[in-house]
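See below for the structure under consideration.
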Amino acid sequence: TPEQKSEPFWITDRRTEPSHVARRAVRAADGEPITVVSGVSVSPVDVGVKVTGESDLAAEFIDQLPPSYALAERRPFPGFVDLQALVFEKRANAS
């Protein structure tokens, strides 16, 4: 969120509602792509190999995006804490 540009967040900060963040992201994007950084869910058999989904919090945010935005790219960043970048783009035929 824009507040984090001037003040770092802390683990004890109150969670902002995903619906509020999604509305702000869409407004700020103004039709451009929206990138979401999320933890990942991995297959218990292929730990660290097969990404099967987003964190619950990211899924709540994604559910609040307008239907005109679709997942265009998923890029995993494995490491000590596995993360992924999800890029949502506005569909060409969406207004």
Side-chain angles (χ1 to χ4, degrees):
T1 63
E3 294 82 7
Q4 291 172 359
K5 290 181 180 179
S6 60
E7 285 190 37
F9 65 92
W10 189 247
I11 197 157
T12 58
D13 288 349
R14 198 178 100 216
R15 184 183 105 167
T16 305
E17 286 303 313
S19 59
H20 179 71
V21 177
R23 282 193 304 273
R24 289 174 62 182
V26 170
R27 189 171 43 249
D30 194 28
E32 296 297 316
I34 296 172
T35 302
V36 177
V37 176
S38 166
V40 299
S41 299
V42 294
S43 165
V45 175
D46 301 322
V47 173
V49 176
K50 183 179 180 186
V51 175
T52 60
E54 306 79 33
S55 67
D56 291 342
L57 188 57
E60 287 181 54
F61 171 86
I62 293 163
D63 287 345
Q64 297 299 317
L65 289 175
S68 57
Y69 276 88
L71 181 63
E73 182 179 2
R74 179 188 304 264
R75 182 173 294 182
F77 293 94
F80 180 72
V81 175
D82 292 332
L83 297 174
Q84 63 184 333
L86 306 167
V87 180
F88 292 85
E89 293 181 351
K90 197 164 187 178
R91 295 181 186 148
N93 59 355
S95 52

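Along the sequence shown, residues carry numbers from 1.
Between the side chain of Ser38 and the main chain of Ser55, a donor-acceptor pair closer than 3.5 Å is present.
Linking Ile, Leu, Val, Met, Phe, Trp and Tyr whenever their side-chain heavy atoms come within less than 4.5 Å leaves Leu57 and Ile34 in two separate clusters. Residues Leu65 and Leu71 are members of one and the same hydrophobic cluster, defined by side-chain heavy-atom contacts under 4.5 angstrom among Ile, Leu, Val, Met, Phe, Trp and Tyr.
Pairing each heavy atom of Gly39 with each of Gln84, the nearest pair is O-NE2, 3.3 Å. A pairwise comparison of heavy atoms in Ala70 and Arg91 identifies CB-NE, 3.3 Å as the closest pair. Residues Phe61 and Ala25 approach most closely at CZ-CB, 4.0 Å, considering heavy atoms.
Remark: Glu54 CD to Ile62 CD1 distance equals 4.0 Å, nearest 0.5 Å. In this structure, Gln64 CD and Ser19 OG are separated by 5.0 Å, a value rounded to the nearest 0.5 Å.
Salt bridge absent: Glu17 and Arg23 never bring a charged side-chain N and a carboxylate O closer than 4.0 Å.
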Kindly list each side-chain donor-acceptor pair under 3.5 angstrom involving residues 26-33, sequence neighbours excluded, with atom names and distances?
none

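The shortest side-chain heavy-atom distance between Asp82 and Pro76 does not fall under the 4.5 Å cut-off. In this structure the side chain of Phe77 never reaches within 4.5 angstrom of the side chain of Val37, judged on heavy atoms.
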